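Every chain is numbered from 1, with letters handed out A, B, ... down the list of sequences. It should be emphasised that the depicted structure is a prediction, and the values quoted were computed from it without experimental measurement.
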Amino acid sequence: MMGWNALMLSLKEIRRNLLRSFLTVLGIVIGVGAVVTMVTLGNGATQAVSDQIASLGSNMLIVRPGQRLMGGRDAAGSPSFRVADAEAIREQIGGLEAVAPSVSTNVTIVHLSNNWSTVVTGSGNAYLAARSWQPISGRSFSETEERSGSAVCVIGETVRRELFGSENPIGGSIRVKQFACEVIGLLAAKGQAAMGMDQDDLVVMPLRTVQRRLIGSQDVAAIFVSVAASSSVERAKMQIEELMRERRHIAANENDDFNVLDTRQIAETLSSTTRVMTYLLGAVAAVSLLVGGIGIMNIMLVSVTERTREIGIRLAIGALEREVLAQFLIEAVVLSSLGGLIGIALAAVGAAAGAHAMQVPFLFNPPINVLAFAFSAAIGVIFGYFPARRAARLDPIEALRHE
Amino acid sequence: MNDAARPASTPPLIRLVGVTKTYGTGDAALQALRGIDLAVESGEFVAIMGPSGSGKSTAMNIIGCLDVASGGSYLFRGVAVERLSRNQRALLRRNYLGFVFQGYNLLARTSALENVELPLLYRGEPASARRTAALAALDAVGIADRASHTPSQLSGGQQQRAAIARAIVTHPAMLLADEPTGNLDTQRSREIMDVIAALNRDRGITVLMVTHEPDMAAYADRVIRFVDGRIESDTRRERTVP
Ligand SMILES: Nc1ncnc2c1ncn2[C@@H]1O[C@H](COP(=O)(O)OP(=O)(O)OP(=O)(O)O)[C@@H](O)[C@H]1O
Ligand SMILES: [Mg+2]
């Protein structure tokens, strides 16, 4: 009976002081909402980056001409690789799964009245293997096609959509500059990577086809190397560097005029960047939680004068200390949890919209919801309850005299 | 009611023995009560008079169990109040006392009806009984038609009457009223006094009332004068007003 009375009293009190109740709830809504939104978006961005790295393929090395570090000679000054370099890697270094020399160029491709600007990569099946990417319909290249540089290609989902629409692309023909090229395969869609980079916007042709018909040189711009899961990426990288120094006649005291990128290195760099970003977002959110908390604190403390008199009146007409406290505790709990729930709901909407705008995945994160809720509720309860407790322990006459 | 009619074993309703009250400590200490001896029987109507600052409100607060004495003993129905716990004193207020404050002390933004219902709520009475009793109390003080008004929508006299309704709604054994007509004109004061006198006469509620006005004291059958924290005189007499 007393519990019910206390609940009714609390609800009445909340309704009676609508503005104060609203401001208290608002403080908690802002605190919870900000933290949950920020952390959810931060997690989404981190996830997006690691997805993107995973889509590069793991255990992959990318060998490119030019110095790694800025300030030295760049790729333009360094001699390109040749197919022979890739063959040397394949033959002389063990524990590799695929070695794919490649070259890329931007071109506009045409099918009937549709045209589309995209990146054409000249490489071969090894490239698809290195990136663990297989055609979902059609087929990959035959040995003959790769060797002779046939006008055949495998296309990504975006290219299919833009050029072929509802038409079946397999066996269809696209025009690339002066020559017509037959579509033999369609790659499985990988979807959007983080920050709006479309991974499915590509055309793959045999290396020789692109060298001869599109760029007119024997150059190889990059060699993709996939290391077997059982062997050491680190060792493979050192062996490749040694072999390339030898083949490019680089003296012991000279810097490399090429570099070998390790996808794990990229992953580490990128994820440390996103980690910093998440910390930053978290810090901003923590500040807003704090500001929300201070807001609640202010409202609660400002109303203490008025409430102390109220407590005095209740005590004077026969309320017990614990009855008064139950009322105030319930009031604080109701307001805080209401604010917490609204905050979580708004954060879910806000984070979903933000994730959509930033093109990162929306990851619902229960722990942060619980944590933010608990923190704000604790602030609400502490600052609603403890001033009330102090007042309820006064003699009624002292509480009444409070101005 | 006279002393001979009362069995010797029954203690007076209240008895104060050498009650003192000191505010503050050290140099700043102020003795508001310097030893009060007083006994009031059930059913009496006592008026307390005296100059401002003589300790009337201080004594009323102690008798109303809102405050505790610094020294001496206060017995309510033979029970030493200073030995009771805070909760026990709260229960005593809840079950036996009605208090009308010098400054009303109604809950703000709360209707007169809800204010009057509040003591019943803490007694655990069901909602319908609360409402009926509160309306009856408001009717007794003549403001039943203002039941839904909040204190800020009531005149000073109406607030005073709502405060009286809240004090009497529980049918207390003793009504303590600290200048219940302090802010009212003569006409309103008389109306309030008629209500209080009727409660004393018809329901046998013991009344202790502080007042500055001899006209109001005339309703009482005993007048106690406070001067400088002491009782200067204690006169029983026939009421001059019915
Ligand atoms: N909380 C307090 N702290 C310190 N001094 C107090 C306190 N309350 C009352 N006093 C002092 O105690 C004395 C008695 O005060 P009290 O309120 O009992 O007077 P009173 O007889 O009711 O006067 P009035 O007729 O003006 O209401 C006064 O001198 C007053 O200043
Ligand atoms: Mg006074």
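- Side-chain contact between Phe99(B) and Ile317(A) is absent, with no heavy atoms from C-beta onward closer than 4.5 Å.
- Side-chain atoms of Arg314(A) and Leu118(B), non-hydrogen and from C-beta on, do get closer than 4.5 Å to each other.
- With rounding to the nearest 0.5 Å, the separation of CZ in Arg393(A) from CZ in Arg86(B) is 8.5 Å.
- Counting heavy-atom neighbours within 6.0 Å of Tyr385(A) OH, excluding the residue itself, gives a total above 12.
- The heavy-atom pair separating Ala319(A) from Ala90(B) by the smallest distance is O-CB, 3.8 Å.
- In this structure, the portion of Leu106(B) lying under 4.5 Å from any heavy atom of chain A is its backbone and not its side chain.
- For the atom pair Ile397(A) CD1 and Ser57(B) OG, the distance stands at 8.5 Å (nearest 0.5 Å).
- Applying the 6.0 Å contact sphere to OH of Tyr279(A) captures no more than 12 heavy atoms from other residues, nucleotides or ligands.
- Comment: Glu13(A) does not engage Arg109(B) in a salt bridge, judged by the lack of any side-chain N to carboxylate O separation of less than 4.0 angstrom.
- Using a 4.5 Å heavy-atom threshold, the side chains of Asp395(A) and Leu66(B) count as separate.
- Looking at Leu394(A), only its backbone comes within 4.5 Å of chain B, counting heavy atoms on both sides.
- Heavy atoms of Leu320(A) lying under 4.5 Å from chain B belong to its backbone as well as its side chain.
- Proximity to chain A (any heavy atom under 4.5 Å) is shown, for Arg123(B), by neither the backbone nor the side chain.
- For the atom pair Arg16(A) CZ and Ser111(B) OG, the distance stands at 7.5 Å (nearest 0.5 Å).
- Side chains of Glu310(A) and Thr110(B) form no contact here, defined as non-hydrogen atoms less than 4.5 Å apart.
- Open room surrounds CZ on Phe22(A); 12 or fewer heavy atoms of other groups in view lie less than 6.0 Å from it.
- There is a side-chain donor-acceptor pair under 3.5 Å between Asn105(B) and Arg309(A).
- Considering all non-hydrogen atoms of both residues, Gly318(A) and Tyr122(B) come closest at O-CB, 4.3 Å.
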With side-chain contact (heavy atoms from CB on, under 4.5 Å) as the criterion, how do Leu121(B) and Met8(A) come out once you've worked through the C-alpha distance, each side chain's angles and the decisive distance to 0.1 Å? CA-CA 10 Å; Leu121(B) 191 105; Met8(A) 292 323 284; over 6 Å; no

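- Most heavy-atom pairs under 4.5 Å with chain A: of the set Val68(B), Asn87(B), Thr170(B), this distinction falls to Asn87(B).
- Counting only heavy atoms from C-beta outward, the side chains of Pro396(A) and Arg89(B) never approach each other to under 4.5 Å.
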